[in-house]
Amino acid sequence: MKSLSNYKPKFLPTISTLTLHSLLHIHHQPHPNTPTQSNLPNTHLNEFTAACYNRDLPTAMKALNFMQKTQIWADSVTYSELIKCCLARGAVREGKLVHKHVFSSGYQPKTFLVNTLINMYVKFNLLDDAWKLFDEMPERNVVSWTTMIAAFANAGMRDEALGFLACSGLGILRQIHCIITKVGLDSDVFVRSALIDKYSKWGEVSNALTVFNEMETRDLIVWNSVIGAFAQNSDGDEALELFKRMKRCGFLADQATLTSVLRACTGLALLELGRQVHVHVLKYHRDLILSNALLDMYCKCGSMEDARFEFTRMVNKDVISWSTMIIGLAQNGFSHEAIDMFEEMTSSGTRPNYITIVGVLFACSHAGFVDKGQSYFQSMEKVYGIKPGREHYGCMVDLLGRAGKLNEAVELIHNMEPEPDVVTWRTLLGACRIHRNMDLAAYAAKRVLDLDPDDAGTYILLSNIYVNTHRWEDAEQVRKIMKGNNVRKEPGCSWIEVDKQIHAFVLRDNSHPDIDEITRRLIQYVQRLREVGYVPDTSFVLHDVEGEQMEDPLLYHSEKLAIVYGLMALTKGKTIRIRKNLRICGDCHLFAKLLAQMEGRNIVIRDPIRYHHFQGGFNASLLVNGLMVDHIEQTGVMIENQQKALTDLSKKVEGIICFSD
DNA sequence: CTAGGGTTAG
């Protein structure tokens, strides 16, 4: 038997090297020496039974000791109660004693009881023990299998940091799947939903869907598994599609369903749909996970008013509720409030975790709180016992970089304990662009491309930096390399929700039914803005390096089209909310800011990293020159995948969903 | 009455 709980990749057992033949056999012969349970009245047994059902662990263990000596056994259900009690208290030692007892003197516990023990070891993360029990049990049933599938598949996931492990973990899952089919357990709902869930945790959504589609009977949980699979793998469309199917089949959504539906809305920035789901969430208002998902939905849809309201209304808050708010505030540009929230959280006695600190540092980097950020960063390990990870370093690189302390940023990268990755170097590259540091930019870009040679954003960023510093030949060179490597840039795409429909706008795509009117108005708006001093920021013109030069490529950036469409189609006074697949460019940022003021409309644009709030009507005077340097963002950083943009596009005029249950 | 579903970052 190989070790699973201390496994190193090369020791990770594969099913075939283990006892494949024993797995394939389900034995049926009874155990030769199986004493029967005592029917005689016994004080210890009575005491034991009572203690188990009362969850009185010490008394139960004392009684168990006597039963052991007098060779008396209780019935399986009583033991399972005791094991539940051990699980709840994390009592590993006691659990092991129970295990020993039920196997002592040749007593052969029923399959039911062995399953309970296996599950106990799985939950204690003692996979060796779980595996040994499973391997040696004379008869396995569906429950034994379901338990082990979950155990194996989760085991491979514990060390995601080592990328190559991903293969072996997934490989094990595939082998288990194979064996399950051979043994004929694949018609079981439990086994299937475990498989679906495990495949989806490995990102193998299509396998999950296949397993699901092959099922003839489905219950609510298996629907939830598959909806959750897509929601968690950022395919909100498919999740909502499945949700509609589920409702057509007559199932009613429960907490888990709603959580996944909310997560789908979150991913797609569907605020209006999210609000409808909210109505159904009300009856589960005590459900913490669901409330957290609701909070996140409002944050990610850019409606901090709703998020704040829900947050103050929540009676129970955990680390995730607080972290969600901190990150939400930080991403939406409310950096001070995010930090206040963090202070409030710690003084209320909630311990921050890894992710909370990411949010705090993110807030600092956005607001330029260099000292504050550094002090949180330096104290996180001492005060909260959290070792800085890649994400924390990333925030610090951004913080120092934006503040112009590029050398310190580089030094930090060179000395950081986790290996810097693409994101780290790309962050540095972004900072180089802001401060026009050519040499460092070239260095950072090289590191990015070493790690990810297909990163179109980096080529574009690099060529833009060369253009900005008038190094035309170098810019040309980068374009050539990019072309040579056949790297294509993802087309910019923006989405806006109007009347429960999503409208998508893609650069150079004219398929929207109102595109002529939109373009006409866009030109008008640009004209009017120019009259009050708007000057398009041409440093972004060369983004579309491989296309033909249009007369004015900036004019047609997808978010501009979406904003204008929002002005046309949404009722006056309604906030225009847009989601983008790429980072917003400086020119569009300026355009949105000025237009929001001129038209007196609030505009919120969500890009893959941040949310940009533009207030309308506050300030009628336009401060064009000041704005040029304000908050310059860079397009071209590719976060979401290209396929998705195109799929979404094809669905742009399709109705979304109706709630009618 | 032992097994399967939902929340924060990247």
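Naming convention: chains lettered A, B, ... in sequence-line order (proteins, then strands); numbering from 1 in each chain.
- Between the P atom of B:dT7 and the NE2 atom of A:H285 lies a distance of 21 Å, rounded to the nearest Å.
- Atoms CG (A:N115) and C1' (B:dG4) sit 14 Å apart, rounded to a whole Å.
- Counting any heavy atom pair closer than 4.0 Å across all strands shown, A:D421 reaches no nucleic acid atom.
- Base engagement by A:V189 is indicated by at least one non-hydrogen atom pair under 4.0 Å involving a base atom.
- Contact annotation: A:K201 does not reach the phosphate of B:dG4 (side-chain N/O to OP1 or OP2, under 4.0 Å).
- Nearest nucleotide to the A:D287 side chain, out of B:dT8, B:dG4, B:dG6: B:dG6.
- When distances run from any side-chain atom of A:V423 to the nucleotides B:dG10, B:dT2, B:dG4, the shortest one goes to B:dG10.
- Residue A:S80 is classed as having no contact, given no heavy-atom separation below 4.0 Å to the nucleic acid.
- The base of B:dT8 is paired with the side chain of A:S323 by a donor and an acceptor separated by under 3.5 Å.
- Under the 3.5 Å distance criterion, with hydrogens and angles disregarded, no donor-acceptor pair is assigned to the side chains of A:T210 and A:N213.
- The side chain of A:Q232 has B:dT7 as its nearest neighbour among B:dG4, B:dT2, B:dT7.
- Distances were taken from every side-chain heavy atom of A:D188 (C-beta onward) to each of B:dT2, B:dA9, B:dA3; the shortest belongs to B:dA3.
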(request) Before giving the answer on salt bridge (Lys or Arg N to Asp or Glu O under 4.0 Å), spell out for A:D128 and A:K132 the whole-Å C-alpha distance, their side-chain angles and the decisive distance to 0.1 Å. (result) CA-CA 6 Å; A:D128 292 338; A:K132 197 166 184 306; over 6 Å; no
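- A:K317 places its NZ atom 16 Å from the C1' atom of B:dT7, with the value rounded to the nearest Å.
- A:N353 and A:T356 share a side-chain donor-acceptor pair at under 3.5 Å.
- Distances shown here put a side-chain N or O of A:R263 below 4.0 Å from the OP1 or OP2 atom of B:dT8.
- Both the sub-6.0 Å distance and the 45° axial angle are not jointly satisfied by A:R351 relative to the ring of A:Y384.
- For A:R308 and A:F334, the positive end sits near the middle of the six-membered ring, less than 6.0 Å away and at most 45° from its axis.
- The NZ atom of A:K123 sits 9 Å away from the C1' atom of B:dT2 (whole-angstrom rounding).
- A:N233 places its CG atom 11 Å from the P atom of B:dG6, with the value rounded to the nearest Å.
- If you measure from atom CE of A:M246 to atom C1' of B:dG6, you get 12 Å, rounded to the nearest angstrom.
- Nearest to the side-chain atoms of A:I221 among the listed nucleotides B:dT8, B:dG6, B:dG4 stands B:dG4.
- With distances taken from any side-chain atom of A:S193 to the nucleotides B:dC1, B:dT7, B:dG4, the minimum falls on B:dG4.
- Taking every side-chain heavy atom of A:D296 into account, B:dT8 is the closest of B:dT8, B:dG4, B:dT2.
- Comparing B:dT8, B:dT2, B:dG4 by their closest approach to the side chain of A:K300 singles out B:dT8.
- At whole-Å resolution of the value, CZ in A:F124 and P in B:dT2 are 16 Å apart.
- Listed pair A:N119 / B:dA3 meets the phosphate criterion, a side-chain N or O lying under 4.0 Å from OP1 or OP2.
- Side-chain proximity of A:Q331 to B:dT8, B:dG10, B:dG6: nearest is B:dG10.
- If you take CD1 of A:I327 and C1' of B:dT8, they are 5 Å apart, rounded to a whole angstrom.
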Would you list the atom pairs, donor with acceptor, under 3.5 Å between side chains in residues 48-55 of chain A and any protein atom, with sequence neighbours excluded?
from, atom 1, to, atom 2, distance (Å)
A:T49, OG1, A:L45, O, 2.7
A:N54, ND2, A:A50, O, 3.1
A:R55, NH2, A:E81, OE1, 2.6

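- Taking every side-chain heavy atom of A:I320 into account, B:dT7 is the closest of B:dA3, B:dT2, B:dT7.
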